[in-house]
Amino acid sequence: MYTFNSRVRYSETDEEGRLTVTGIINYMQDCSTFHSEDVGVGVGYLDASRKIWLLSSWQIVIDRYPKLGDRLVVGTWHNDFKGIYGYRNFVLRDADGGDFVRAASVWFLYDLEKGQPIRVTTEDTAPYGEPEPRLDLGKAPRKIPVPDRYETAEPVTVNRHHLDTNHHVNNAQYVEMAREAVPAGITIREIRVDYKKAAVLSDVIVPRVTRGEDHSYTVVLGNGAGEVYAVVWLLAGDR
């Protein structure tokens, strides 16, 4: 497992003094980026190779929210590669090894010249070493069901602060848009995301929100033409 150490900063906390959901996802994205950089297949390598890893899906379980000043150990490891896909786990832990957050993710390799996904090769995977066992996060559907009934929330226009180095809306920003579209004051305990299409500068994203009977919310982030950028499922729990 690749790890780095950090501490929850005031700028990363919410109104309750806890690490925000966006902060949690940013820590995990940073960890995988550091991992790739440190083994020589980071952003510069991918740019020169005209390839990119794109995120296909998340499953994130929040056991406890880190609080202001908590010391973190952020870890990641890959557990499999098949076809065009790479499978990667993440953890946020306290200094004693207790879990704050556990997560599984699926990525796919994309050829920028051909404009299409490509098969993962040994050259792409060897720098990461041997796969390690995957986390057991419980059963989850392969795809998030999209409800027929929904309420429409306030549209979001994509601005520059939403974008990453790929000039697409950053993965964490979709979750933040979904979180803003559900009622305030709920504590999110699990997140699942299916990424469908990259939104870019000036796109208008319309959240369609459905509340489930199990204290869950499904938020479809799409546009007026019927295209879907991401489907986000949020499970609320005790504070």
Side-chain angles (χ1 to χ4, degrees), residues 12-16 18-30 54-63 65-66 90 92 100-107 137-138 140-164 166 168-239:
E12 298 171 327
T13 58
D14 61 14
E15 295 173 282
E16 305 294 330
R18 305 177 303 185
L19 181 63
T20 64
V21 169
T22 300
I24 287 170
I25 297 174
N26 284 341
Y27 268 116
M28 294 190 292
Q29 291 190 133
D30 288 344
L54 296 175
L55 186 57
S56 177
S57 66
W58 274 122
Q59 182 184 4
I60 303 169
V61 176
I62 304 173
D63 298 304
Y65 276 85
F90 295 86
L92 271 67
F100 284 121
V101 179
R102 298 168 291 137
S105 61
V106 181
W107 304 71
L137 301 181
R142 192 178 69 85
K143 293 293 181 182
I144 300 170
V146 175
D148 294 327
R149 295 185 178 182
Y150 55 83
E151 294 184 1
T152 302
E154 191 71 23
V156 179
T157 300
V158 175
N159 291 302
R160 288 190 295 271
H161 71 269
H162 293 117
L163 307 180
D164 57 23
N166 302 317
H168 300 158
V169 172
N170 183 266
N171 304 313
Q173 293 293 329
Y174 294 103
V175 180
E176 181 64 14
M177 292 176 193
R179 192 191 64 79
E180 287 287 343
V182 303
I186 69 171
T187 296
I188 296 169
R189 290 298 178 186
E190 186 172 349
I191 303 163
R192 299 175 193 159
V193 190
D194 285 340
Y195 295 97
K196 305 290 189 181
K197 175 183 172 64
V200 298
L201 186 65
S202 299
D203 281 346
V204 177
I205 299 177
V206 181
R208 305 199 310 258
V209 184
T210 305
R211 181 172 181 172
E213 296 179 356
D214 56 351
H215 305 290
S216 69
Y217 296 85
T218 301
V219 184
V220 178
L221 300 170
N223 62 20
E227 295 176 309
V228 175
Y229 300 113
V231 181
V232 183
W233 182 87
L234 305 171
L235 180 64
D238 295 335
R239 300 181 74 81

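Computation of the quantities below employed the complete heavy-atom set of this structure, encompassing side-chain atoms and omitting hydrogens, waters and symmetry-equivalent molecules. For clarity, every value in this text was computed on a predicted model and none was experimentally measured.
- Of all the heavy atoms in L19 and L92, the pair that sits closest is CD2-CD2, 4.0 Å.
- Across every non-hydrogen atom of T218 and I144, the tightest pair is CG2-CG2, 4.3 Å.
- Here the CH2-CD1 distance, from W58 to I25, works out to 6.5 Å after rounding to the nearest 0.5 Å.
- In this structure D30 satisfies the salt bridge (Lys or Arg N to Asp or Glu O under 4.0 Å) test with no other residue, sequence neighbours excluded.
- Remark: side-chain polar atoms of Y174 are paired, donor with acceptor, to backbone N or O of A199 under 3.5 angstrom.
- One distance of note links CD1 of I191 with CH2 of W233; it measures 10.0 Å at 0.5 Å rounding.
- In this structure, V209 and Y150 have side chains that are not in contact, with every pair of non-hydrogen atoms separated by 4.5 Å or more.
- Legend: residues meeting ring-ring contact (aromatic ring centres under 6.0 Å, His included) with Y229, ordered by chain and number and at least two apart, are absent.
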Verify side-chain contact (heavy atoms from CB on, under 4.5 Å) between V231 and K196, making sure each step is shown before the conclusion. CA-CA 8 Å; V231 181; K196 305 290 189 181; 4.2 Å; yes
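- Distance check: Q173 CD to R179 CZ gives 11.0 Å after rounding to the nearest 0.5 Å.
- A side chain to side chain contact (heavy atoms under 4.5 Å, CB included) with V206 is found for one member of T152, V220, L221 and no other, namely T152.
- Partner of N170 under the side chain to side chain donor-acceptor pair (under 3.5 Å) criterion, chosen from H161, E176, Q29: Q29.
- Side chains of T187 and E16 form no contact here, defined as non-hydrogen atoms less than 4.5 Å apart.
- Side-chain contact check for I24 versus Y65: some heavy-atom pair is nearer than 4.5 Å.
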If you apply the rule side-chain contact (heavy atoms from CB on, under 4.5 Å), what do you find for H215 with R189, and how did you get there? CA-CA 10 Å; H215 305 290; R189 290 298 178 186; over 6 Å; no
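- Take Y27 and apply the ring-ring contact (aromatic ring centres under 6.0 Å, His included) test, not counting sequence neighbours, and it matches no residue.
- Annotation: R102, atom CZ; neighbour count of heavy atoms from other residues, nucleotides and ligands within 6.0 Å is above 12.
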Pair I60-M28, side-chain contact (heavy atoms from CB on, under 4.5 Å): steps then yes or no: CA-CA 10 Å; I60 303 169; M28 294 190 292; 3.8 Å; yes
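- Residues E180 and V156 have side chains not in contact (no heavy-atom distance under 4.5 Å, counting atoms from C-beta outward).
- Looking at V200 and H168, their side chains come closer than 4.5 Å, going by heavy atoms from C-beta outward.
- Residues P141 and P145 approach most closely at CG-CD, 4.4 Å, considering heavy atoms.
- The two residues I188 and V21 have their closest heavy-atom pair at CD1-CG2, 4.3 Å.
- The OG1 atom of T22 sits 11.0 Å away from the CD atom of E12 when rounded to the nearest 0.5 Å.
- Note that CD of Q59 and CG of L137 are 4.5 Å apart. Values are rounded to the nearest 0.5 Å.
- Here the closest non-hydrogen pair linking D194 and K143 is OD2-CA, 3.4 Å.
- Considering CG of L54 and CG of N171, their distance stands at 8.0 Å, rounded to 0.5 Å.
- In this structure, P155 and P207 approach most closely via the heavy-atom pair CA-CD, 4.2 Å.
- In this structure the side chain of V158 reaches within 4.5 angstrom of the side chain of L163, judged on heavy atoms.
- Under the 4.5 Å side-chain criterion, counting only non-hydrogen atoms from C-beta, D203 is not in contact with N223.
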